[in-house]
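What follows is a short report on a single structure.
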Amino acid sequence: EARATSSLNHPNIVTIFEVGETQDRNYIVTEFVEGVILRARLAAANPGGLDAQETLSIITQVLQALDAAHRAGIIHRDIKPENIIVRTDGLVKVLDFGIAKLDGAQPARTDHLTTRTGVVIGTAAYMSPEQARGQRVDHRTDIFSVGIVLYEMLCGCKPFEGDTWSDVMAAVLVKDPPPIDSTVAPLALRGIVERCLEKDPDKRFQSASDLA
């Protein structure tokens, strides 16, 4: 998966220079990106989210990266603020393409902020329903995750939350997110977020380019 990602040449995707193994450990060498991880940017903005203009600038660049990946047959499956970095000049880079698909040891932590590997792959708070069920996914799973990130950027909180990993997954499967306040985003933008977060993939935007 990492070698496939390294074939992507896009300004919004982190460049992978080398993939290898040493002393029974896999490693990936990527470009160094000087900037701020979106998670840190959101933390600095709390309480509340980012303004709509900054939100749209960031998410549009994320979608450009995903469009390039999807056209190459690569599904990210772990879109979240920790995997998005904003350079000092405003250019957005999406990190860790395909990393969730790599086989490897279970992570030390298995809470709702950690990527889980195995039958269910991804981060609970940013999973699509089909991902949470361990079903086969396509590029539309990334559309759902983008909707979650977009919601969080606008509102300053996640649309699906819970005390445990299982509670979060249950919320993703059966609950609707709290409505976005009209003072946070205009009606058209709220409608876009709601369509991204449809439980049925057929009701979401069908491509990253359409969503962009």
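This one's a predicted model, so the numbers in the text were calculated from it and none came from an experiment.
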Tyr151 vs Cys196, side chain to side chain contact (heavy atoms under 4.5 Å, CB included): CA-CA, chis, key distance, verdict: CA-CA 10 Å; Tyr151 184 104; Cys196 288; over 6 Å; no
What do the steps show when you test Asn83 against Asp78 for side chain to side chain contact (heavy atoms under 4.5 Å, CB included), and what is the final call? CA-CA 8 Å; Asn83 285 340; Asp78 205 19; 3.7 Å; yes
Check step by step if side chain to side chain contact (heavy atoms under 4.5 Å, CB included) holds for Val86 and Ile58. CA-CA 8 Å; Val86 183; Ile58 292 172; 4.0 Å; yes
Does Cys157 form a side chain to side chain contact (heavy atoms under 4.5 Å, CB included) with Glu161? I'd like the steps, not just the answer. CA-CA 9 Å; Cys157 61; Glu161 299 195 90; 4.3 Å; yes
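Between the Gln206 side chain and the Pro201 main chain, a donor and an acceptor come within less than 3.5 Å of each other.
Using a 4.5 Å heavy-atom threshold, the side chains of Met127 and Met169 count as touching. Using a 4.5 Å cut-off on side-chain heavy atoms (C-beta onward), Leu95 and Ile84 make no contact. For the pair Glu152 and Pro81, the minimum side-chain heavy-atom distance is below 4.5 Å. In this structure, Leu42 and Leu38 have side chains that are in contact, with non-hydrogen atoms separated by less than 4.5 Å. Contact of the Ile180 side chain with the Val193 side chain is registered, since non-hydrogen atoms from C-beta on lie closer than 4.5 Å. Under the 4.5 Å side-chain criterion, counting only non-hydrogen atoms from C-beta, Leu63 is not in contact with Ser209. Contact check for Pro129 versus Arg133: side-chain heavy atoms found under the 4.5 Å cut-off.
Note that the CZ atom of Phe160 and the CG atom of Leu197 stand 5.0 Å from one another [nearest 0.5 Å]. Taking CG of Leu211 as the start and OG1 of Thr60 as the end, the distance is 8.0 Å to the nearest 0.5 Å.
Every residue meeting the salt bridge (charged side-chain N to carboxylate O under 4.0 Å, His left out) condition with Arg71, not counting sequence neighbours, appears here in chain and number order: Asp67. With sequence neighbours excluded, the residues forming a salt bridge (charged side-chain N to carboxylate O under 4.0 Å, His left out) with Arg41 are Glu54, listed by chain and number. Under the salt bridge (charged side-chain N to carboxylate O under 4.0 Å, His left out) criterion, Glu21 pairs with no residue at all, not counting sequence neighbours.
Under a cut-off of 6.0 angstrom, the local environment of CD in Glu31 is crowded, with over 12 non-hydrogen atoms contributed by other residues, nucleotides or ligands. Atom CG of Asp89 is surrounded by more than 12 heavy atoms from other residues, nucleotides or ligands within 6.0 Å.
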Show the atom names and distances, to 0.1 Å, of all donor-acceptor pairs under 3.5 Å that link a side chain in residues 142-150 to residues at least two apart or in another chain.
| from | atom 1 | to | atom 2 | distance (Å) |
| --- | --- | --- | --- | --- |
| Asp142 | OD1 | Arg77 | N | 2.9 |
| Asp142 | OD2 | His70 | NE2 | 2.8 |
| Asp142 | OD2 | His76 | N | 2.9 |
| Ser145 | OG | Tyr126 | O | 2.6 |
| Ser145 | OG | Thr141 | O | 3.3 |

Report, one line per pair, each donor and acceptor closer than 3.5 Å where one atom sits in a side chain of residues 181-190; sequence neighbours left out.
| from | atom 1 | to | atom 2 | distance (Å) |
| --- | --- | --- | --- | --- |
| Asp181 | OD1 | Thr183 | N | 2.8 |
| Asp181 | OD1 | Thr183 | OG1 | 2.5 |
| Arg190 | NH1 | Ala185 | O | 2.6 |

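For the 3.5 Å distance criterion, the side chains of Thr164 and Ser166 fail to qualify, holding no donor opposite an acceptor.
Both Leu56 and Val62 are assigned to one and the same hydrophobic cluster, defined by single-linkage of ILVMFWY side chains at heavy-atom distances under 4.5 Å. A single hydrophobic cluster is not seen to contain both Val137 and Ile79; linkage of ILVMFWY side chains at heavy-atom distances under 4.5 Å, directly or through other members, places them apart. Cluster membership check: Leu66 shares its hydrophobic cluster with Ile192, using side-chain heavy-atom separations under 4.5 Å among Ile, Leu, Val, Met, Phe, Trp and Tyr.
Across every non-hydrogen atom of Gly162 and Val168, the tightest pair is N-CG2, 3.5 Å. Of all heavy-atom pairs spanning Lys93 and Val33, the tightest one is CG-CG1, 4.1 Å. Nearest approach of Gln61 to Val92, heavy atoms of both residues: OE1-N, 2.9 Å. Here the closest non-hydrogen pair linking Tyr27 and Glu18 is OH-OE2, 3.0 Å. Scanning all heavy atoms of the two residues, the minimum distance from Ala72 to Leu8 falls at CB-CD2, 3.5 Å. The nearest pair of heavy atoms linking Ala45 to Leu50 is CB-CD2, 3.5 Å.
Sorted by first then second residue, the salt bridge (charged side-chain N to carboxylate O under 4.0 Å, His left out) pairs that include residues 194-204, not counting sequence neighbours, are Glu130-Arg204, Arg140-Asp202.
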